[in-house]
Amino acid sequence: MQYKNSQLLLAKRPKGMPEDDCWKMNHEMITSLDDNEILIQVKYLSIDPYMRGRMNDGSSYAEPAKIGEPMTGETVGIVVETNSDSYAIGDKVCAHKGWQTFIKVKDNDPTLYKIPETKIPLSTYLGTVGMPGRTAYFGLNRVGNPKSGETVVVSAASGAVGSVVGQLAKSYGCYVVGIAGGPDKCSYVKDTLNFDECIDYKAGNLEEDLKNACKNGIDVYFENVGGPVTRAIAPLLNKDARVPICGFISQYNAEDVSKMETPFHVLGVLDPKPEHRFFVVTEWMSEWAKATGEISKLILDKKLFYRETITKGFENAPQALRDVLTGRNFGKQVIEI
Ligand SMILES: NC(=O)c1ccc[n+]([C@@H]2O[C@H](COP(=O)([O-])OP(=O)(O)OC[C@H]3O[C@@H](n4cnc5c(N)ncnc54)[C@H](OP(=O)(O)O)[C@@H]3O)[C@@H](O)[C@H]2O)c1
């Protein structure tokens, strides 16, 4: 066997926005498999906001990506060679083995799993029925605890996580307001995803627009962005409000992470203080299959919609990450290889 694997290795840690010199392209030949190994030809690479955090050194809930190793990331692909009894050639799989075009991996790797045969496209297993969809499901249900009739607000509403949060909350009978950047994203959130309202935080009238949209205050704010959006949300939170803190992307490029304002600084000083905590989707790993099953059914029944930005070409992964960090993506960002 002879397979040319291309890898994007982390070359240096960024200051601010990660430029191209943070990565180095490397090529290697894969010529053999050991016992119980499979070779995956990658079809899609996921590009996610969390990747920016992994490029930093220092303590976090997850290990930093290592210099000289493939940049961290999840992929979907097809098994093209196998030395395993558990995987056959042609199997579709997900693996979390970094930015590379072929993946040689042991069949018992904890990040490896088979993708079921459904009508859902392969790329969607990195988005709505993948990690971001599960993040929305558990963050909303286990931390947000929305009840019918309550007002739920979600930021980055057109994105991979936010789009699922709002549509699930609508299906639970909530009044749902999205926040997104620009008129196109806001129209999509209202007209296609069927949120009750969507506010363009770039239009320059955020506080007033939010107040008008949330006449009964806010019961659940699903936090994806931080910064000025969180400050505008804070005065509208009702007593007993819940704020699942999923992420705060507006701060990810801060040069000094220890000095940045997080949602905890904004929410922690409020009186009454809303229930708020950071969560990670891996807290509910044992229930992932249940969440994936429920979300898949909603998609197949045409009750849940989503959008993907599919960029062709492995070499475009760094630009795609910058696009996610600046809002140039529209829906889940993936790279087609
Ligand atoms: N805790 C967990 O386990 C977990 C798991 C997955 C994701 N997350 C977090 O969930 C959030 C959403 O992730 P996603 O994968 O669904 O990404 P996404 O929403 O598909 O893409 C990121 C979006 O963030 C918005 N954005 C970028 N820069 C911004 C800024 N400076 N200010 C405000 N908004 C900005 C942009 O939307 P607009 O154009 O609308 O601004 C952009 O499209 C992120 O914070 C991510 O870190 C957490």
Side-chain angles (χ1 to χ4, degrees), residues 16-18 46-56 60-62 72-74 96 123-124 126-128 130-140 142-144 153-167 177-190 193 195 198-203 206 221-233 243-254 260-263 276-285 288 291 306-311 320-334:
M17 188 62 79
S46 184
I47 301 292
D48 297 273
Y50 78 84
M51 292 169 168
R52 178 61 188 84
R54 296 288 197 286
M55 297 179 84
N56 293 337
S60 166
Y61 66 90
T72 185
E74 195 176 24
H96 207 301
S123 56
T124 307
L126 297 174
T128 308
M131 181 279 284
R134 293 189 285 264
T135 301
Y137 179 95
F138 290 111
L140 181 67
R142 302 297 163 80
V143 190
V153 178
V154 57
S155 46
S158 71
V161 174
S163 59
V164 179
V165 167
Q167 290 179 89
V177 177
I179 302 173
D184 290 350
K185 286 184 177 179
C186 286
S187 304
Y188 165 76
V189 167
K190 250 192 105 169
L193 304 183
F195 287 28
C198 188
I199 289 163
D200 178 0
Y201 72 95
K202 292 180 174 168
L206 177 59
Y221 170 53
F222 193 102
E223 172 70 289
N224 282 324
V225 303
V229 172
T230 315
R231 290 197 294 275
I233 292 277
V243 182
I245 300 178
C246 179
F248 34 97
I249 193 167
S250 68
Q251 309 298 306
Y252 289 0
N253 278 318
M260 69 190 180
E261 180 194 68
T262 71
H276 62 285
R277 78 163 175 98
F278 179 68
F279 71 91
V280 191
V281 60
T282 46
E283 289 173 47
W284 300 278
M285 221 169 197
W288 277 11
Y306 63 91
R307 184 172 169 141
E308 294 171 350
T309 295
I310 299 183
T311 305
L321 179 58
R322 289 190 288 271
D323 288 351
V324 165
L325 295 169
T326 51
R328 283 183 63 192
N329 66 315
F330 192 160
K332 171 67 198 163
Q333 176 71 56
V334 292

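Start at 1 and go down the list; that is how both ligands and their atoms are numbered.
With hydrogens and angles ignored, the 3.5 Å screen pairs no side-chain donor or acceptor of Lys190 with any backbone N or O of Val177. No donor-acceptor distance shorter than 3.5 angstrom exists from the side chain of Asn224 to the backbone of Gly247, with no hydrogens or angles considered. Remark: the backbone N or O of Gly327 is paired with a side-chain donor or acceptor of Lys185 at under 3.5 angstrom. The closest donor-acceptor contact from the side chain of Arg134 to the backbone of Thr282 lies at 3.5 Å or more, if one exists at all. The closest donor-acceptor contact from the side chain of Thr326 to the backbone of Arg322 lies under 3.5 Å. Listed for the Trp288 side chain is a donor-acceptor partner under 3.5 Å among the backbone atoms of Val281.
Shortest contact from atom 4 (C) of ligand 1 to any protein heavy atom: Thr135 CG2, 3.5 Å. Regarding atom 1 (N) of ligand 1, its nearest protein heavy-atom neighbour is Phe279 O, 2.8 Å. Protein heavy atom in closest approach to atom 35 (C) of ligand 1: Ile249 CG2, 3.5 Å. The nearest protein atom to atom 27 (C) of ligand 1, hydrogens excluded, is given as Val324 O, 3.5 Å; this is a heavy-atom distance. In this structure, the protein non-hydrogen atom closest to atom 15 (O) of ligand 1 is Pro49 CD, 3.4 Å. With hydrogens left out, the protein atom closest to atom 37 (O) of ligand 1 is Lys185 NZ, 3.7 Å, a heavy atom. For atom 45 (O) of ligand 1, the closest heavy atom belonging to the protein is Asn224 O, 2.8 Å. Taking atom 19 (O) of ligand 1 as the reference point, the nearest protein heavy-atom neighbour is Gly159 CA, 3.3 Å.
Taking distance alone, with nitrogen or oxygen atoms compared against 3.5 Å, Ala160 approaches ligand 1 more closely than that limit. Of the N or O atoms in Cys246, one or more lie within a sub-3.5 Å distance of an N or O in ligand 1. Distances between N or O atoms of Ala180 and those of ligand 1 include no value under 3.5 Å. At under 3.5 Å, a nitrogen or oxygen of Asn329, whether backbone or side chain, sits near a nitrogen or oxygen of ligand 1. Considering backbone and side-chain atoms together, Leu325 places an N or O closer than 3.5 Å to an N or O of ligand 1. Residue Gly181 places at least one N or O, backbone or side chain, under 3.5 Å from an N or O of ligand 1. Considering backbone and side-chain N/O of Tyr252, one or more are found under 3.5 Å from N/O of ligand 1. Taking distance alone, with nitrogen or oxygen atoms compared against 3.5 Å, Val281 approaches ligand 1 more closely than that limit.
Residue Met260 holds its CE atom at 9.0 Å from OG of Ser250, rounded to the nearest 0.5 Å. Rounding to the nearest 0.5 Å gives a distance of 9.5 Å between CG of Leu126 and NE2 of His96. Rounded to the nearest 0.5 angstrom, Arg307 CZ and Tyr188 OH are separated by 6.5 Å. Annotation: the span from Ile179 atom CD1 to Leu206 atom CG amounts to 6.0 Å, rounded to 0.5 Å.
For the pair Arg142 and Phe279, the cation-pi test (distance below 6.0 Å, angle within 45°) is failed.
Ligand 1 places these atoms under 4.0 Å from at least one heavy atom of Gly247: 45 (O). Atoms of ligand 1 found under 4.0 Å from any heavy atom of Val225, numbered from 1 in the order shown, are 33 (C), 34 (N). Proximity to Val280 (heavy-atom distance under 4.0 Å) selects the following atoms of ligand 1: 1 (N), 3 (O). Near Gly327, the atoms of ligand 1 lying under 4.0 angstrom from a non-hydrogen atom of the residue are 27 (C), 36 (C), 39 (O), 42 (C), 43 (O).
A salt bridge links Arg231 with Glu261: the closest approach of a Lys/Arg side-chain nitrogen to an acidic carboxylate oxygen falls below 4.0 angstrom.
Of the heavy atoms in Val161, both backbone and side-chain atoms come closer than 4.0 Å to ligand 1. By the criterion of a heavy-atom distance under 4.0 Å, the side chain of Met131, and not its backbone, is placed next to ligand 1. Contacts between Phe248 and ligand 1, counted as non-hydrogen atom pairs separated by less than 4.0 Å, involve the backbone only. In Thr282, neither the side chain nor the backbone holds a heavy atom less than 4.0 Å from any atom of ligand 1.
Between Met55 and Leu321, the shortest heavy-atom distance links the atoms SD-CD2, 4.1 Å.
Closest heavy-atom approach to atom 41 (O) of ligand 1 among the candidates Tyr201, Tyr306, Tyr50, Phe138: Tyr201.
Lys332 and Thr124 are not linked by any side-chain donor-acceptor pair at a separation below 3.5 angstrom, with hydrogens and angles left out of the test. Side-chain atoms of Gln251 and Thr262 include no donor-acceptor pair closer than 3.5 Å.
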